S.K.: 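Sharing a structure here in structure tokens format.
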2 protein chains.
Amino acid sequence: MTTIGFETHDHHACVSDALAKAEARCAASDLRLTPVRRRVLELLLAEHRALGAYDILGHLSAEGLGTQPPVAYRALDFLVKAGFAHRIEALNAYIACAHLGADHTPAFLICRSCRSVAESDTAPSQGRLGDAARDAGFQIEHTVIEAQGLCPACQTGDAA
Amino acid sequence: MTTIGFETHDHHACVSDALAKAEARCAASDLRLTPVRRRVLELLLAEHRALGAYDILGHLSAEGLGTQPPVAYRALDFLVKAGFAHRIEALNAYIACAHLGADHTPAFLICRSCRSVAESDTAPSQGRLGDAARDAGFQIEHTVIEAQGLCPACQTGDAA
DNA sequence: TCGGGTATTGATATGTTATAACATCCGGTC
DNA sequence: GACCGGATGTTATAACATATCAATACCCGA
Ligand SMILES: [Zn+2]
Ligand SMILES: [Zn+2]
Ligand SMILES: [Zn+2]
Ligand SMILES: [Zn+2]
């Protein structure tokens with residue numbers, strides 16, 4: 001299990017690596033990483049934090065890449081469908097995938113204070129949830145696993 | 001592990017039992033199950049389905065109990081805080097708790113076709129998520145565990 | 001029963017997130 | 001060049017949620 005987000009790391013490499021992987025994947029899968037889509041991915045990659053669609057739109061608009069909500073939502077939809085980003089349901093926000101390329105079932109650790117998000121790659125079977133689904137005859141297509149609390153940095157300051 | 005929602009059951013008893021438990025809990029904890037709050041709980045209990053705040057508001061308004069959004073949101077906040085209802089993050093919607101009285105960490109099985117929701121009382125599902133949090137030094141306060149897919153009934157019809 | 005604090009409700013306005021609908025452009029193909 | 005499909009531009013609106021302040025109900029002790 002790998003958790004990415006709170007550790008200090010070579011983030012510049014982290015970003016360029018993710019962009020390179022996204023480009024390779026697009027080339028291989030006949031997807032188009034257009035300027036707006038690429039820029040939105042860069043914005044999401046800039047920090048390991050969740051950004052709202054309208055945060056994104058603010059940046060795009062400042063850069064002359066589009067001013068209306070569909071611009072941001074289309075790009076985000078593309079990135080999420082392509083697996084380059086994830087939606088954080090508990091925040092109605094979006095974050096770049098930290099395990100680009102790997103087929104995974106993400107779980108998130110979300111700091112309520114600084115809004116940073118760590119992506120943990122949990123086991124796919126979802127232990128007990130999978131059992132419950134099987135018992136109930138429920139066919140799982142997608143799971144949302146999000147834990148909210150305080151990240152290591154914010155615990156020391158103990159931001160209420 | 002108990003999953004409630006898809007099985008056929010004595011739903012009339014299910015509802016009155018839940019209302020009785022809620023009343024008992026309010027009496028014991030100095031909480032007030034006012035008319036609007038009680039009615040909203042009844043509406044949520046009516047089916048094992050998630051209802052949006054504005055669905056609720058529609059009913060309330062038809063019954064002369066209030067017409068403005070805060071009426072619904074206040075009642076829902078009360079019910080959620082009291083543990084009588086849960087918020088489904090993936091739907092921005094609300095559902096009555098199926099394990100009233102028990103201290104539990106709910107997990108939900110959400111049918112994308114009929115919007116019915118089963119509440120499974122998993123073990124503090126922090127199996128692997130808890131491990132990841134511990135490794136990262138993250139202090140979990142609340143978890144969201146929601147699986148989306150098709151319920152048994154909707155698989156047969158295979159609603160796309 | 002009177003006051004005073006607290007919880008609740010009423011009412012208005014606004015903020016935030018997301019999509020529908022339709023026109024237009026642009027690159028590749030025949 | 002005509003066509004097609006994906007991507008964008010543009011307008012409007014739907015859906016979800018909260019801030020704020022005034023008014024009222026409730027409880028409790030003086
Ligand atoms: Zn990084
Ligand atoms: Zn933090
Ligand atoms: Zn029932
Ligand atoms: Zn169903």
Side-chain angles (χ1 to χ4, degrees), chain A residues 22 26-27 29-41 43-44 49-82 84-95 110 112 115 144 146, chain B residues 22 25-41 43-44 49-61 63-82 84-95 110 112 115 144 146 148:
Chain A
C26 283
S29 309
D30 199 28
L31 298 173
R32 280 187 264 173
L33 196 61
T34 63
V36 175
R37 292 170 178 177
R38 185 190 161 93
R39 184 66 189 126
V40 171
L41 180 54
L43 290 168
L44 291 177
R49 292 204 307 129
L51 294 179
Y54 283 75
D55 293 335
I56 298 287
L57 184 57
H59 286 280
L60 294 180
S61 148
E63 297 169 14
L65 286 171
T67 61
Q68 299 306 316
V71 173
Y73 282 102
R74 283 164 179 163
L76 288 167
D77 284 352
F78 170 84
L79 295 174
V80 168
K81 280 195 183 121
F84 301 158
H86 301 293
R87 176 176 161 83
I88 307 294
E89 298 291 347
L91 299 178
N92 293 332
Y94 304 82
I95 189 167
I110 305 162
R112 68 169 153 83
R115 204 164 167 161
V144 174
E146 301 173 359
Chain B
R25 181 99 156 271
C26 284
S29 309
D30 198 28
L31 298 173
R32 279 188 265 170
L33 196 61
T34 62
V36 175
R37 293 170 177 175
R38 186 191 161 94
R39 184 66 188 126
V40 171
L41 180 54
L43 290 168
L44 291 177
R49 292 205 308 128
L51 294 178
Y54 281 71
D55 294 336
I56 298 287
L57 184 57
H59 286 280
L60 294 180
S61 148
E63 297 169 14
L65 287 170
T67 60
Q68 299 305 315
V71 173
Y73 282 102
R74 284 166 178 162
L76 288 167
D77 284 352
F78 169 85
L79 295 173
V80 168
K81 281 198 183 116
F84 301 159
H86 301 293
R87 175 177 163 83
I88 306 294
E89 297 291 346
L91 299 177
N92 294 332
Y94 303 82
I95 189 168
I110 304 162
R112 68 169 154 81
R115 205 167 166 159
V144 174
E146 301 174 359
Q148 300 181 64

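Letters A, B, ... mirror the listed sequences (proteins, then strands); counts begin at 1. Here the structure is a predicted model, which is why all the values come from computation and not from measurement.
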S.K.: In the structure I gave you, are the side-chain heavy atoms of B:L57 and B:Y73 within less than 4.5 Å of one another anywhere?
M.R.: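 Result no, sub-4.5 Å side-chain heavy-atom pair not found.
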S.K.: Measure from the side-chain N and O atoms of B:E146 to the backbone N and O of B:E89, and report whether any donor-acceptor pair falls under 3.5 Å.
M.R.: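 At least one qualifying donor-acceptor pair exists.
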S.K.: Once you round it to whole Å, what is the distance between P of D:dT18 and CG of B:D77?
M.R.: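 Distance, rounded to whole Å: 7 Å.
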S.K.: Report the distance from atom CG of B:N92 to atom P of C:dT19, rounded to the nearest whole Å.
M.R.: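 Those two atoms, CG and P, are 10 Å apart.
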S.K.: When you check the phosphate oxygens OP1 and OP2 of D:dA7, does a side-chain N or O of A:Y73 lie under 4.0 Å from one of them?
M.R.: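 Looking at the OP1 and OP2 atoms of D:dA7, neither is under 4.0 Å from any side-chain N or O of A:Y73.
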S.K.: Hey, which of these two, B:Q68 or A:R32, hits DNA chain C nearer its 5' end, going by closest nucleotide?
M.R.: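 Looking at DNA chain C, the more 5' nearest nucleotide goes with B:Q68.
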S.K.: I'd like to know if the side chain of A:R87 reaches the main chain of A:V80, judged simply by a donor and an acceptor atom lying under 3.5 Å from each other, with no hydrogens or angles considered.
M.R.: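 Such a contact is absent between A:R87 side chain and A:V80 backbone.
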S.K.: Taking OP1 and OP2 of D:dA17, is either one under 4.0 Å from a side-chain nitrogen or oxygen of B:R87?
M.R.: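 Checking B:R87 against D:dA17: at least one side-chain N or O falls below 4.0 Å of OP1 or OP2.
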S.K.: May I ask you to verify if any side-chain N or O of A:T34 is less than 4.0 angstrom from the OP1 or OP2 atom of D:dT8?
M.R.: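 Yes, such a contact exists.
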S.K.: Considering heavy-atom distances to DNA chain D, does B:A93 or B:R74 have its closest nucleotide positioned more toward the 5' end?
M.R.: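 Here B:A93 is the residue nearer the 5' end.
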S.K.: Quick one: does B:R39's side chain get under 4.5 Å of B:H59's, heavy atoms only?
M.R.: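 They are not in side-chain contact.
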S.K.: So, does A:R37 get its side chain near the phosphate of D:dA7, meaning an N or O under 4.0 Å from OP1 or OP2?
M.R.: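 So the side chain of A:R37 is within the cut-off, an N or O lying under 4.0 Å from OP1 or OP2 of D:dA7.
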S.K.: D:dC16 P sits how many Å from B:L91 CG, rounded?
M.R.: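 B:L91 atom CG is separated from D:dC16 atom P by 10 Å.
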S.K.: Would you mind classifying the nucleic acid contact of B:Y94 as base, sugar-phosphate or nothing, using non-hydrogen atoms under 4.0 angstrom?
M.R.: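 Sugar-phosphate: the residue B:Y94, judged by heavy atoms under 4.0 Å, touches backbone atoms but no base.
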S.K.: Locate the shortest heavy-atom distance separating A:Y54 from A:P69; write the atom from each residue and the value.
M.R.: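 In this case the closest contact between A:Y54 and A:P69 is OH-CG, 3.3 Å.
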S.K.: From CG of B:L65 over to C1' of C:dA11, roughly how many Å is that when rounded to an integer?
M.R.: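 Atom-to-atom, B:L65 to C:dA11, this comes out as 16 Å.
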S.K.: Write down the distance between CD (B:E89) and C1' (D:dA17), rounded to a whole number of angstrom.
M.R.: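 It works out to 13 Å between those atoms.
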S.K.: Expressed as a whole number of angstroms, how long is the span from A:L51:CG to C:dT16:C1'?
M.R.: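 To the nearest whole Å, that distance equals 15 Å.
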S.K.: Between the base of D:dA14 and the side chain of B:Y54, is there a donor and acceptor pair under 3.5 angstrom?
M.R.: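 There is none.
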S.K.: Atom CG of B:L57 and atom P of C:dT12: how far apart are they, to the nearest Å?
M.R.: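 Going from B:L57 (CG) to C:dT12 (P), I get 14 Å.
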S.K.: Where each residue is assigned the nucleotide of DNA chain C containing its nearest heavy atom, which of B:P35 and B:P69 is assigned the position nearer the 5′ end?
M.R.: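 With B:P35 and B:P69 compared, the 5'-side residue is B:P35.
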S.K.: Between D:dA15 atom P and B:D55 atom CG, what is the distance in whole Å?
M.R.: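 After rounding, the gap between these two atoms is 10 Å.
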